[in-house]
Trainee: 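What follows is a single structure, and I will ask about it in a moment.
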Number of protein chains: 2
Amino acid sequence: MKKTVLVFGLLILALLLLFQFSKYTLISGDLQIEYIMAFVALAFLGIGLFINKRTQKQRPLPNREIDLNKVEELGLSKREYEVLKEVALGLSNQEIAGKLFVSESTIKTHVSNLLVKLNAKRRTQAIQISKNLNII
Amino acid sequence: MKKTVLVFGLLILALLLLFQFSKYTLISGDLQIEYIMAFVALAFLGIGLFINKRTQKQRPLPNREIDLNKVEELGLSKREYEVLKEVALGLSNQEIAGKLFVSESTIKTHVSNLLVKLNAKRRTQAIQISKNLNII
DNA sequence: ATCTATTTGGTACTTTAGTATGAGCCTTCC
DNA sequence: GGAAGGCTCATACTAAAGTACCAAATAGAT
């Protein structure tokens with residue numbers, strides 16, 4: 001938003017400067033009108049392309065954003081959510097335990113709890129549900 | 001590629017026409033140089049933005065299309081692939097068996113085979129791998 | 001400071017998942 | 001008409017996953 005305003009401000013400024021410049025050069029007759037025209041055309045073509053790239057960079061998010069609000073709504077604790085993400089990566093309880101430096105029993109407890117909160121019967125179903133809710 | 005050449009060809013043509021136009025108007029003195037300049041600037045700004053949008057439209061393909069070729073490459077049979085999709089939906093072997101009207105033993109065999117072909121240790125990992133390969 | 005929710009962990013148990021092996025039945029492809 | 005691959009199913013087993021119940025330490029909020 002602020003960037004857009006800034007860019008357009010600079011554009012207007014550039015336009016005004018170009019007008020002044022063209023006047024002076026026309027009066028003094030140093031430059032031919034064709035060159036000035038070509039310069040202006042290329043400059044604004046470049047500006048157009050530049051704005052294009054800017055807006056392109058801001059785009060790559062339209063797909064899916066993780067909805068952390070829904071995580072709270074579900075009552076998932078921080079640790080449970082962490083375990084859920086590992087489950088979704090395809091890790092076993094044992095592997096998750098090793099990764100998070102806790103025992104397998106702990107992971108089992110977490111998984112069991114998050115299954116209830118997600119209303120899932122299996123971890124594979126939990127993955128599917130989580131994807132539909134955009135929380136992973 | 002061809003479109004790019006076409007666009008630039010048209011650009012050059014437009015430039016030449018503008019030059020001719022500016023010469024005539026200058027000679028005849030009908031229009032002031034500032035207006036012509038402003039017109040050229042806006043026109044090329046628009047062209048720049050237009051090119052931008054064109055290239056943007058060509059981008060939205062990185063979304064995700066199911067790559068059936070990769071399914072063949074992996075050597076997954078029709079039935080195995082079918083089972084894989086059900087697994088990814090979070091169903092148990094028993095549920096899949098009921099859905100496809102075969103015994104649970106059959107599903108176990110299919111799952112076991114597809115795990116080998118996908119180089120996965122668990123069905124959850126198979127899901128993850130399949131998503132990365134864009135086959136589900 | 002007290003209370004609540006979280007995190008951790010254990011035991012004991014049931015249920016799924018996954019492996020190994022063998023076998024019968026089809027279809028397709030030389 | 002074999003050979004090969006795919007689909008089906010079974011048994012027997014091992015390995016995970018999941019449930020139930022309990023309990024202690026911790027952190028955060030009131």
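Below, chains carry the letters A, B, ... as their sequence lines are ordered, and counting in each starts from 1. Side chains included, hydrogens not; waters and symmetry mates left out as well; all remaining heavy atoms used.
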Trainee: List the steps and the verdict of side chain to side chain contact (heavy atoms under 4.5 Å, CB included) for B:Ile107 and B:Val102.
Mentor: CA-CA 8 Å; B:Ile107 302 301; B:Val102 292; 3.6 Å; yes
Trainee: To the closest 0.5 Å, what do you measure between CD1 (A:Ile129) and OG1 (A:Thr124)?
Mentor: 9.5 Å
Trainee: Determine: side-chain N/O of B:Arg122 to OP1/OP2 of C:dA17, distance under 4.0 Å, yes or no.
Mentor: no
Trainee: Are B:Leu118 and B:Leu74 packed together at the side-chain level, in the sense that at least one heavy-atom pair is separated by less than 4.5 angstrom?
Mentor: yes
Trainee: If I take atom CD in residue B:Glu72 and atom C1' in nucleotide D:dG5, what distance separates them, rounded to the nearest angstrom?
Mentor: 14 Å
Trainee: Of the listed nucleotides (D:dC7, D:dA16, C:dG9), which one gets closest to any side-chain atom of B:Ser77?
Mentor: D:dC7
Trainee: Expressed as a whole number of angstroms, how long is the span from A:Leu76:CG to C:dT7:P?
Mentor: 10 Å
Trainee: Would you say B:Arg79 places a side-chain N or O within less than 4.0 Å of OP1 or OP2 belonging to D:dT8?
Mentor: yes
Trainee: Can you check whether B:Leu84 reaches B:Ile135 side chain to side chain, under 4.5 Å on heavy atoms?
Mentor: yes
Trainee: If you define the side chain from C-beta out and look only at heavy atoms, does anything of A:Arg123 sit under 4.5 Å from A:Val111?
Mentor: yes
Trainee: Contact between B:Arg122 and A:Glu95 at the side-chain level, heavy atoms closer than 4.5 Å - yes or no?
Mentor: yes
Trainee: Set out, line by line, the N/O atom pairs under 3.5 Å between protein and nucleotides 24-30 of chain C.
Mentor:
none

Trainee: Are A:Leu91 and B:Leu115 connected in the hydrophobic side-chain network, where two residues link if heavy atoms are under 4.5 Å apart?
Mentor: no
Trainee: In residues 104-117 of chain A, which ones come under 4.0 Å of DNA chain C, going by heavy atoms?
Mentor: A:Ser105, A:Thr106, A:Thr109, A:His110
Trainee: What is the distance, rounded to the nearest whole Å, between atom CD of B:Glu80 and atom C1' of D:dG6?
Mentor: 8 Å
Trainee: Could you identify which residues of residues 87-102 of chain A place a heavy atom less than 4.0 Å from some atom of DNA chain C, listed by residue number, or say none?
Mentor: A:Val102
Trainee: Counting only heavy atoms not in B:Asn119, do more than 12 sit closer than 6.0 Å to its CG atom?
Mentor: no
Trainee: Linking I/L/V/M/F/W/Y whenever any side-chain heavy atoms sit under 4.5 Å apart, do A:Ile127 and B:Leu89 land together?
Mentor: no
Trainee: Starting at OH of B:Tyr81 and ending at P of D:dC7, how long is that distance when rounded to a whole Å?
Mentor: 14 Å
Trainee: Given B:Arg79, which of B:Leu100, B:Thr109, B:Leu114, B:Thr106 fulfils the side-chain contact (heavy atoms from CB on, under 4.5 Å) condition?
Mentor: B:Leu100
Trainee: Donor-acceptor pair, distance only, cut-off 3.5 Å: does the side chain of A:Lys117 make one with the backbone of A:Leu76?
Mentor: no
Trainee: Specify the separation, in whole Å, of atom CZ of A:Arg123 and atom C1' of C:dT15.
Mentor: 14 Å
